[in-house]
Amino acid sequence: MAEVPALRRAIAILRHMAVSNRAITAGALVRSLEIPRSSAYDILAVLEELGLVARTDSGYVLGAGVHELGASYLRTNPLQRLAQPIVRQLAEDTAATAQLAVIRGWETEYVLKEQSLKSVAVITATGVRMPSYLTATGRAILAQLPKSEVLAMLQSETGFVTRTGKGPTSIKALNAVLAQERRVGWAIEHGEVTPGISTIAAPVFDVLGRPIAAVGLSLPDSVKVAGKDTDKGADKDSGKDLDKGTGADSDPLAPLVEKVIATAAEVTAKLR
């Protein structure tokens, strides 16, 4: 077997960081992996340049490039093939537009789109990319990732963009929304991507329990959260809508949320 010490050490560093829930210092990596200090710093510098690790105030975390590699792997594997009939059934059952999305870098990329004859037009064609913090599918994934990894994904963004004047405009605002979405296990956005359209999304997990995709369902704002006007901004409304959960009989979105969660769970089961 060929020996390439630097490559083996780089992979060991990435694997060690993958099982950690917090930033790791270079010194800790040297001690844990018994790597020469000079080699560790050289390898970390290259990995950082390639976007596979990111440096924070408290150490190193996995970079956005790792998630992008994972998403690329999934596109060559059964994810889309296994998910397509399940996502298609969601679209037919709800007469809405259903999607499957992954995250590439800091963007949501739609890899599947299914719609019934009665569904409305939305900007989610296969291959289209949108800022992950604006989309329900992107936030459904981000909410299940460590905060340090989310920060690493977005650290190159000098300012949050908006399509419709709605949505989080800072890391602080995004973290508040993600905390609420993490608690209930699903995400929602109101007109942040397409005016007049709301999207519900739930995460899909791989065999290791990592969020690797999300199922989304887009529908007109004429279907409203009980007592809430979906035309309001996401920063103000998302938490209120999520706090209502999926069990309120008076909430017209409740059965749709349950269908999206069940669909995501079915896709997850197919991957295991």
Side-chain angles (χ1 to χ4, degrees), residues 11 14-21 50-54 61-91 98-114 124-154 174 177-178 181-189 199-218 257 259-272:
I11 292 173
L14 292 173
R15 285 178 169 169
H16 190 75
M17 294 173 70
V19 299
S20 175
N21 290 324
L50 296 175
L52 298 178
V53 304
V61 297
L62 290 178
V66 171
H67 196 89
E68 184 170 341
L69 287 174
S72 297
Y73 168 79
L74 286 171
R75 283 192 294 277
T76 64
N77 277 268
L79 175 64
Q80 289 164 263
R81 175 174 56 82
L82 293 174
Q84 193 275 335
I86 303 171
V87 174
R88 177 67 186 175
Q89 191 62 53
L90 175 64
Q99 315 98 6
L100 184 75
V102 298
I103 286 182
R104 287 196 59 155
W106 55 273
E107 296 176 306
T108 299
E109 180 176 349
Y110 298 96
V111 295
L112 271 180
K113 177 183 179 180
E114 298 289 342
T124 56
T126 300
V128 167
R129 296 192 194 182
M130 302 292 297
S132 58
Y133 48 81
L134 287 183
T135 67
T137 45
R139 294 205 298 251
I141 299 171
L142 294 178
Q144 303 301 320
L145 292 173
K147 289 183 179 179
S148 58
E149 194 167 332
V150 175
L151 181 62
M153 280 185 184
L154 299 174
L174 175 62
V177 173
L178 294 182
E181 294 173 339
R182 184 178 305 113
R183 184 176 66 252
V184 297
W186 57 281
I188 189 167
E189 60 92 358
T199 299
I200 305 161
V204 171
F205 299 92
D206 65 12
V207 293
L208 299 177
R210 287 269 302 176
I212 45 84
V215 172
L217 185 69
S218 298
V257 170
K259 283 182 179 294
V260 171
I261 292 174
T263 299
E266 188 175 353
V267 176
T268 294
K270 289 287 187 180
L271 295 174
R272 295 180 173 179

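Heads up: numbering here begins at 1 and tracks the sequence. Just so it is clear, the structure is predicted and the values come from calculations on it, not from any experiment.
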Exercise for the section: Please report the C-alpha distance between V177 and Y133 in whole Å, then the side-chain angles of each, then the deciding distance to 0.1 Å, and finally whether the side-chain contact (heavy atoms from CB on, under 4.5 Å) criterion is met. Expected result: CA-CA 10 Å; V177 173; Y133 48 81; over 6 Å; no
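In this structure, L142 and E149 have side chains that are not in contact, with every pair of non-hydrogen atoms separated by 4.5 Å or more. A heavy-atom distance below 4.5 Å is found between the side chains of L178 and R139. For the pair L79 and L100, the minimum side-chain heavy-atom distance is below 4.5 Å.
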Listed pairs under 3.5 Å, donor-acceptor, residues 260-270 side chains, sequence neighbours left out:
unit_1	atom_1	unit_2	atom_2	d
T263	OG1	K259	O	2.8
T268	OG1	F205	N	3.0
T268	OG1	A264	O	3.0

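Here the CG atom belonging to L62 is positioned 8.5 Å from the CG atom belonging to L52, to the nearest 0.5 angstrom. In this structure, CD in Q80 is found 5.5 Å from CG in L112, a value given to the nearest 0.5 Å. Between L151 atom CG and M153 atom CE the span is 11.0 Å, to the nearest 0.5 Å. Q99 CD to K113 NZ: the interatomic distance, rounded to the nearest 0.5 Å, is 7.5 Å. Atom CD of E114 is separated from atom CD1 of I86 by 11.5 Å, given to the nearest 0.5 angstrom. Interatomic distance, CD1 of I11 versus NE2 of H16, reported as 15.5 Å (0.5 Å rounding).
With sequence neighbours left out, the side chain to side chain donor-acceptor pair (under 3.5 Å) criterion links T108 to T135. Here A140 pairs with A187, A201, P203, A214 under the side chain to side chain contact (heavy atoms under 4.5 Å, CB included) rule; sequence neighbours left out. With sequence neighbours left out, Q144 forms a side chain to side chain donor-acceptor pair (under 3.5 Å) with no residue at all.
The side-chain contact (heavy atoms from CB on, under 4.5 Å) test with I212 singles out one residue from V204, I141, I103, V207, and that residue is V204.
No donor-acceptor distance shorter than 3.5 angstrom exists from the side chain of S218 to the backbone of T199, with no hydrogens or angles considered.
Closest approach of V61 and M17 over heavy atoms only: C-CE, 3.2 Å.
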